[in-house]
Undergrad: 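Here's a structure for you.
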Amino acid sequence: MQKSFNIMSSTIYPLGVHFTAAGLHIALVCEHRDECGILLFDRHHKDGIRIPFPKEFRKGNIYSMLLKGYQDRNCSYLFYHGEKVYQDPYAKALENNRKYGETAKQPAHCKVLSESYDWEGDRSLAIPFEDSIFYMLHVRGFTKHRTSGVDHKGTYAGIVEKIPYLKELGITAILLMPSYEFDEVFHEDKRSISMEQAAASYKDKPVDSSGHGDAGVRINYWGYQEGLYLLPKYAYSYSKDAISEFKDMVKALHKNGIEVMMQFYLPPNLSYVKILEIIMHWVIEYHIDGFQLMGVDIPMQMLCKEPILAETKLIGEKDYNFQIFSENARMAYYSDSDSEFSYCNFGYMNDAFLYDMRKLLKGDSDMIESFIYRCRDNASDKGIVNYIAKQEGFRLADMVSYNTKHNEANGEDNKDGISQNYSWNCGIEGKSRKKFILNLRMRQMKNALTFVILSQGTPLIYSGDEFGNSQDGNNNPYCQDNPVCWIKWNMLKSNEELFDYAKELIALRKSHKILHMRTPLKGIDYKSCGYPDISFHGKDAWRPDTSQESRSIGILYCCKYGSSVDKTEDDSYIYIGINMHWESRVFGLPQMPKGYEWVKMCTTGTELRSKEHTETVMQEKIQNIRIPARTIMIYKTKKSENNNAISNDSIIKSTKPITKTPKKSTGK
């Protein structure tokens, strides 16, 4: 059998299979001492030919060899050990025509990646954490629904068709749920890895609710499992060339100023070297801008110190509290000079923000001090990613519509998923036609988006939450490849009010640097301009009520401490009045410098232009405002054209001088 090939020794690395000028290099990690080798398919061996590794070519647990002179670029292959046939874990291309959800009778053949790709000068964008707006999506679910309005539904090409939407919303980076190659099809005797066991959030025993496949087949829709980590998922491609389609997507998004980040589930059996190889491959070969790494014992510090990843976002599941910067780089980071800026590449997912903000949103007591801490929580040497909904748990719309999970469709008797969601259904469980309930839910969704987008960390929005997409109360639809998980784009029209508000908040954040600073806000007047960078207020200006029963707080931002987008001085002030109480509350507006007026920019309420509200403001001599129950109101100053102008319901002029010293707040 071996006489057909001229087999020679070869270098140990790189692992996998690739062509060289001398022939076909093959290297495999195999811990067993039994016969192992490559099963090669080409025009002369259509059924495959087994070529074993010579035992003398073994070094440690690595076999390597060279098929000298072999240059059939159309060949495909699998590895074998005894009677077991399996794919190359270092494969960079596949011969795969299987549709999503179909059961594979045998593993797809691996291919040797040899085609070049024209990136047209593309490169990673390296947008800093503080200037980013993250948007998490599932490649298939994002455009698979019939109302998505794209031609290439459920694919990388479908995401390209949605670029105008992403730009309109103001997104700077998309975060793809697992999009490396994995087998989404399971059988009853196979159980998926628990994400709690793997420091993530994926439950076992997947159930087929998709209508795909044969009896006994289950679908892992989310994809948090091991896979072929060096190539994109072929079933998410509209064309047969998944590699080029994925690269086309990255290139198109980059041209529009949007980064591409990816989630990876990495099991504990992967070596540190293999993890580094995976990340570096996607950065070099696919121009990926960042990664959320999920699993146990991820070598975050090693990855963050790798030179080639210096401008790649590396997001962990927790704060590892290690130092990446040298002292010189740390001083540069604190500098206001962009020329001295040192890019921060480490960040972490802030689950604590989700829990605290959900508790405040539904009106729990003793949450104001936690809010003060969370809204200003920031760090110069790491990104803090804030969200109020992600793939696990309730969607934003379900968070205000359900008190309990409704996971019956998953086939586990509603025992799967998180039981404590810190949600409130606004008075009725599930869908409702009552106008009062619908208005309250709309207001609560706006409140939640305000918490996320206007806090100092990096905001993350789960796709569809910006227009109230619902999963019908299912908080763990890992096995649902159907409209439960797919984004229902027809809801964009019915919830256009929420979408417009999300756009307004993102535009506000981007236009004022004080709302997304590089370094933590200090709460003191270190520029001697008469105001601290951030201050907190209550019924009286400069006197926040942080008692256990308080559910209201006012925030004043002095924009002089940040620079505007065009680098000119921003001399405006922003006031955010937050009332999560079930009754209206009075807020004291801080005195502004002479010649400034307060202008109401936006509100989460829907009935705030009533005559009653206008009269309340006038009766209180413009020194205070009354904010209705469960409502946020945002004001901004403008320079008055006429200092004697009369205020109305949208323009409020504060005339009371400052008599209180700003109080520095401390978080828990």
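Only this structure's heavy atoms are used, side chains among them; waters, hydrogens and symmetry mates stay out.
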Undergrad: Is there a donor-acceptor contact under 3.5 Å linking the side chains of Tyr90 and Glu277?
TA: yes
Undergrad: Give a yes or no on whether a salt bridge exists between Lys92 and Glu285, defined as a side-chain N under 4.0 angstrom from a carboxylate O.
TA: no
Undergrad: Classify the side-chain pair Tyr135/Thr172 by whether it contains a donor and acceptor separated by less than 3.5 Å.
TA: no
Undergrad: Find the distance between NZ (Lys162) and CD (Glu168) and round it off to the nearest 0.5 Å.
TA: 10.5 Å
Undergrad: Can you confirm whether the side chains of Asn410 and Glu412 place a donor and an acceptor under 3.5 Å from each other?
TA: no
Undergrad: Between SG of Cys485 and NE2 of His145, what distance do you get to the nearest 0.5 Å?
TA: 12.0 Å
Undergrad: Taking the inter-plane angle between the rings of Phe499 and Tyr165 on a 0 to 90° scale, is it parallel (under 30°), tilted (30 to 60°) or perpendicular (over 60°)?
TA: parallel
Undergrad: Side chains of Gln471 and Asn474: donor-acceptor distance under 3.5 Å anywhere?
TA: no
Undergrad: Any chance you could lay out the side-chain contact (heavy atoms from CB on, under 4.5 Å) test for Asn220 and Val185, step after step, and finish with the verdict?
TA: CA-CA 6 Å; Asn220 177 3; Val185 179; over 6 Å; no
Undergrad: Go through the side-chain N and O atoms of His406 and Glu429 and say whether any donor and acceptor fall under 3.5 Å apart.
TA: yes
Undergrad: Check for a donor-acceptor pair, side chain of Ser455 on one end and backbone N or O of Ile453 on the other, with a separation under 3.5 Å.
TA: no
Undergrad: Charged N to carboxylate O below 4.0 Å: is that the case for Glu130 and Arg509?
TA: no
Undergrad: Under the criterion side chain to side chain donor-acceptor pair (under 3.5 Å), which of Asp413, Asn476, Asn475 is the partner of Asn407?
TA: Asn475
Undergrad: Would you say Asp398's side chain and Gly473's backbone share a donor-acceptor pair under 3.5 angstrom?
TA: yes
Undergrad: Would you find more than 12 non-hydrogen atoms of other residues, nucleotides or ligands less than 6.0 Å from Glu496 atom CD?
TA: no
Undergrad: Any donor and acceptor pair, going by atom type alone, linking the side chain of Lys488 with main-chain N or O of Trp486 inside 3.5 Å?
TA: yes
Undergrad: Are Tyr77 and Asp88 linked by a side-chain donor-acceptor pair shorter than 3.5 Å?
TA: yes
Undergrad: I need the Phe186 CZ to Cys479 SG distance, nearest 0.5 Å.
TA: 12.0 Å
Undergrad: Which distance, rounded to the nearest 0.5 Å, do you find between the CG of Asn386 and the CE of Met349?
TA: 9.5 Å
Undergrad: The test is side chain to side chain donor-acceptor pair (under 3.5 Å); show your working for Asn447 and Thr604 and say whether it passes.
TA: CA-CA 6 Å; Asn447 292 337; Thr604 62; 2.8 Å; yes
Undergrad: Between Leu78 and Val85, what is the shortest heavy-atom contact and its length?
TA: CD1-CG1, 3.4 Å
Undergrad: Specify whether Tyr355 and Tyr422 have parallel, tilted or perpendicular ring planes, treating 30° as the upper limit for parallel and 60° as the lower limit for perpendicular.
TA: perpendicular
Undergrad: Looking only at atom types and distance, does a side-chain atom of Thr147 sit under 3.5 Å from a main-chain N or O of Asn490, one as donor and one as acceptor?
TA: yes
Undergrad: Among side-chain atoms of Tyr117 and Lys251, is any donor-acceptor pair under 3.5 angstrom?
TA: yes
Undergrad: Could you check whether any side-chain N or O of Asn495 sits under 3.5 Å from a backbone N or O of Phe467, counting only pairs where one atom can act as donor and the other as acceptor?
TA: yes
Undergrad: So Phe142 and Trp489, would you call those rings parallel, tilted or perpendicular, with 30° and 60° as cut-offs?
TA: perpendicular
Undergrad: Is there a donor-acceptor contact under 3.5 Å from the side chain of Ser423 to the main chain of Tyr402?
TA: yes
Undergrad: Would you call Leu176 and Phe264 a side-chain contact if the rule is heavy atoms closer than 4.5 Å?
TA: no
Undergrad: For residues Asp465 and Leu396, report the shortest heavy-atom separation together with the two atoms involved.
TA: OD1-N, 3.2 Å
Undergrad: Has Lys510 got a side-chain atom pairing as donor or acceptor with Gly170's backbone, closer than 3.5 angstrom?
TA: yes
Undergrad: Could you report the tightest heavy-atom contact between Arg140 and Tyr236, atom names first, then the distance?
TA: CB-CE2, 3.7 Å
Undergrad: Do the ring planes of Trp282 and Phe246 sit parallel (below 30°), tilted (30 to 60°) or perpendicular (above 60°)?
TA: perpendicular
Undergrad: Would you say Asp351 and Tyr387 are linked by a side-chain donor-acceptor pair, where the criterion is simply a distance under 3.5 Å?
TA: yes
Undergrad: Strictly by modelled atom types, are Asn345 and Glu311 linked by a side-chain donor-acceptor pair under 3.5 Å?
TA: no
Undergrad: Side-chain donor-acceptor pair under 3.5 Å between His152 and Glu161, yes or no?
TA: yes
Undergrad: Does either side chain, that of Glu317 or that of Gln292, offer a donor lying less than 3.5 Å from an acceptor on the other one?
TA: yes
Undergrad: Between Glu259 and Ala126 (side chain of the first, backbone of the second, donor and acceptor by atom type, cut-off under 3.5 Å), is there such a pair?
TA: yes
Undergrad: May I ask you to establish whether Lys318 and Tyr348 are in a cation-pi arrangement, using a distance under 6.0 Å from NZ or CZ to the six-membered ring centre and at most 45° from the ring axis?
TA: no
Undergrad: What I want to find out is whether Asp289 reaches Lys313 closely enough, with some N-O distance under 4.0 Å, to be called a salt bridge.
TA: no
Undergrad: Work out which heavy atom in Ile437 is nearest to a heavy atom in Gly427; give both atom names and the distance.
TA: CD1-CA, 4.4 Å
Undergrad: Sub-3.5 Å donor-acceptor pair from the side chain of Ser132 to the main-chain atoms of Phe134, do we have one?
TA: no
Undergrad: Would a distance-only check, ignoring hydrogens and angles, find a side-chain to backbone donor-acceptor pair under 3.5 Å from Glu226 to Leu266?
TA: no
Undergrad: For Glu120, is there an ion pair with Lys255 - N to carboxylate O distance below 4.0 angstrom?
TA: yes
Undergrad: How close do Glu181 and Arg98 get, counting heavy atoms only, and between which atoms?
TA: OE2-NH2, 4.4 Å
Undergrad: Aromatic ring centroids of Trp119 and Tyr286 under 6.0 Å?
TA: no
Undergrad: Restricting to non-hydrogen atoms, name the atom on Cys75 and the atom on Lys111 that form the minimum distance, rounded to 0.1 Å.
TA: O-NZ, 3.4 Å
Undergrad: Please tell me whether Gln263 and Tyr224 have a donor and an acceptor in their side chains that are separated by less than 3.5 angstrom.
TA: yes
Undergrad: Measure the CD1-CD1 distance between Ile174 and Ile461 for me, rounded to the nearest 0.5 Å.
TA: 13.5 Å
